[in-house]
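The block underneath contains the structure these notes are about, expressed in structure tokens.
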Amino acid sequence: MNVNYDMNPYAIRTSGLCRNFGPICAVDDLSLEIAAGTVFGFLGPNGAGKTTTIRLLLGLLEPSGGRAEVLGFDTQTQADDIRQRSGALLEYSGLYERLTAEDNLEFYGRVWRMPKAGRQKRIQELLSDMGLWDRRKEPVSTWSRGMKQKLAVARTLMHHPGLIFLDEPTSGLDPVAAAALREDLAALAGREGVTIFLTTHNLAEAEKLCQRIGVISKGRLLATGTLDELRSRNESPRLEVTGSGFSETMLAKLRSHVEVREVTHAGEKLIIRIRPGVPAAPLVRLMVESGAEVEEVHKGKASLEELFLTLVEEETEIPSETPGVSKKPGV
């Protein structure tokens with residue numbers, strides 16, 4: 001496993017990775033490959049195992065089974081090498097709010113033993129890229145939450161890591177601040193070629209920012225791929241119907257149909273989420289026979305939010321071998 005991480009085509013590789021906390025299996029048989037230079041979105045509901053996965057990949061937790069390589073290093077035997085070459089923004093920002101932005105990055109540059117000239121160049125580069133250079137002399141305590149979060153991201157990038165972990169980086173930000181941070185992340189990823197492992201609840205954000213996506217629920221990886229790949233494998237299309245006469249009786253018939261997941265009615269439009277592979281014709285016929293006047297039917301691609309909901313719903317519909325908490329023995 002002593003691979004030169006600079007030449008490794010994969011930033012992250014896991015095989016059968018597991019982590020148990022007593023009877024609870026937080027990460028269950030996770031096998032994943034993430035190419036270097038990718039912005040990877042790791043999506044899942046609360047308690048799905050996202051943060052536990054990050055801690056396993058950083059070598060902060062011992063796995064109960066399986067193995068993982070990060071930047072070519074084994075997480076169990078070479079965790080220090082991984083952390084030296086990675087950046088992480090997890091639960092806490094890591095900022096010292098009595099210090100200025102410049103002094104915060106100066107401190108972290110010294111921690112990483114960067115030479116003085118290199119530190120100063122990197123500080124100016126990061127603060128300028130994040131639009132913070134003109135405010136560099138101000139105490140961080142006087143800043144908005146969005147500005148602090150930008151600085152926290154800059155802190156993770158200070159030592160030129162090959163990989164950064166961002167756990168819900170836009171959580172709690174207003175829409176304007178979140179959009180600004182998202183744009184900065186996209187620009188930095190392109191400019192520096194860094195691999196980003198991002199967890200988020202903001203599915204629209206993941207759809208705009210991430211090149212590849214993984215969906216996890218109850219510790220199990222449900223799907224991974226590009227958005228188009230996920231659509232092709234797990235398509236839960238929607239029918240967009242324009243017309244009139246959408247009575248409550250007709251809507252009730254649609255909602256009770258075994259192939260229909262959800263029906264949304266707004267004025268002259270219906271949005272019908274259907275199960276994969278279901279033809280539209282029988283549903284259109286049902287509407288017409290129930291008195292609706294259908295003018296137009298469009299079968300649209302599922303959004304990331306719809307794909308996510310479909311995957312998670314299908315997972316909950318599959319009965320487990322034994323009721324209760326999922327378990328996996330340690331290896």
Side-chain angles (χ1 to χ4, degrees), residues 11-12 14 17 19-22 24-27 30 32 34 39-64 68 70-71 75 79-80 82-99 101 104-105 107-108 111-112 126 130 132 139-141 143-159 161-175 177-178 180-182 184-185 188-189 194-203 205-206 209-210 213-219:
I12 295 172
T14 72
L17 191 64
R19 174 64 195 202
N20 302 327
F21 294 99
I24 299 173
C25 189
V27 175
L30 178 66
L32 191 63
I34 301 174
V39 181
F40 182 81
F42 202 44
L43 313 180
N46 288 331
K50 303 186 297 297
T51 301
T52 300
T53 298
I54 289 179
R55 294 185 180 279
L56 287 167
L57 295 175
L58 284 169
L60 300 173
L61 286 175
E62 287 286 332
S64 303
V70 176
L71 299 174
T75 59
D80 287 344
I82 292 170
R83 291 193 288 269
Q84 286 173 8
R85 293 164 172 81
S86 301
L89 175 54
L90 304 182
E91 185 177 358
Y92 300 105
S93 67
L95 301 178
Y96 295 92
E97 297 207 355
R98 293 185 180 181
L99 298 181
N104 265 278
L105 296 188
F107 169 78
Y108 280 103
V111 168
W112 291 112
L126 287 171
M130 289 289 188
L132 301 174
V140 173
S141 60
W143 281 12
S144 69
R145 182 179 174 87
M147 291 173 64
K148 290 176 184 177
Q149 199 71 343
K150 284 189 175 189
L151 182 60
V153 171
R155 187 264 300 167
T156 70
L157 291 163
M158 183 65 193
H159 58 299
L163 166 67
I164 61 172
F165 295 93
L166 302 176
D167 194 7
E168 303 283 352
T170 60
S171 177
L173 299 184
D174 65 68
L181 180 56
R182 183 169 60 242
D184 288 335
L185 286 173
L188 285 166
V194 63
T195 305
I196 298 178
F197 188 102
L198 170 77
T199 74
T200 180
H201 284 126
N202 187 328
L203 301 182
E205 175 177 276
L209 183 60
C210 300
I213 292 162
V215 179
I216 186 173
S217 179
K218 299 179 182 178

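As a basis for the values below, the full set of heavy atoms in this structure was taken, side chains included, without hydrogen atoms, waters or symmetry mates.
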>> Is any side-chain heavy atom of I82 closer than 4.5 Å to one of T75?
In response: yes
What pairs of donor and acceptor atoms, side-chain ones from residues 89-98 against any protein atom, are under 3.5 angstrom apart with sequence neighbours left out?
{"residue": "S93", "atom": "OG", "partner": "L95", "partner atom": "N", "Å": "3.3"}
{"residue": "E97", "atom": "OE1", "partner": "K148", "partner atom": "NZ", "Å": "3.3"}
{"residue": "E97", "atom": "OE2", "partner": "K148", "partner atom": "NZ", "Å": "3.3"}

> Only one of T200, V39, L181, L198 forms a side chain to side chain contact (heavy atoms under 4.5 Å, CB included) with L166, so which one is it?
Replying inline: L198
>> Restricting to ring pair (Phe, Tyr, Trp, His ring centres under 6.0 Å), what partner residues turn up for Y108, sequence neighbours left out?
In response: none
>> Measuring only between side-chain heavy atoms, which start at C-beta, is K50 closer than 4.5 Å to I216?
In response: yes
>> When you measure from the side chain of T199 to the backbone of F42, do you find a donor-acceptor pair of N or O atoms at a distance under 3.5 Å?
In response: no
> Where the side chain of R83 meets the backbone of L58, is there a donor-acceptor pair that is under 3.5 Å apart?
Replying inline: yes
> How close do V27 and G49 get, heavy atom to heavy atom, and via which atoms?
Replying inline: CG2-O, 3.9 Å
> Counting distance only, does the side-chain N/O of T170 pair as donor-acceptor with the main-chain N or O of L173 below 3.5 Å?
Replying inline: no
> Is S64 reaching over with its side chain to a backbone N or O of N20, donor-acceptor style, under 3.5 angstrom?
Replying inline: yes
> Quick one: are L61 and F21 in side-chain contact, heavy atoms under 4.5 Å?
Replying inline: yes
> Are there more than 12 heavy atoms of other residues, nucleotides or ligands under 6.0 Å from atom CZ of R55?
Replying inline: no
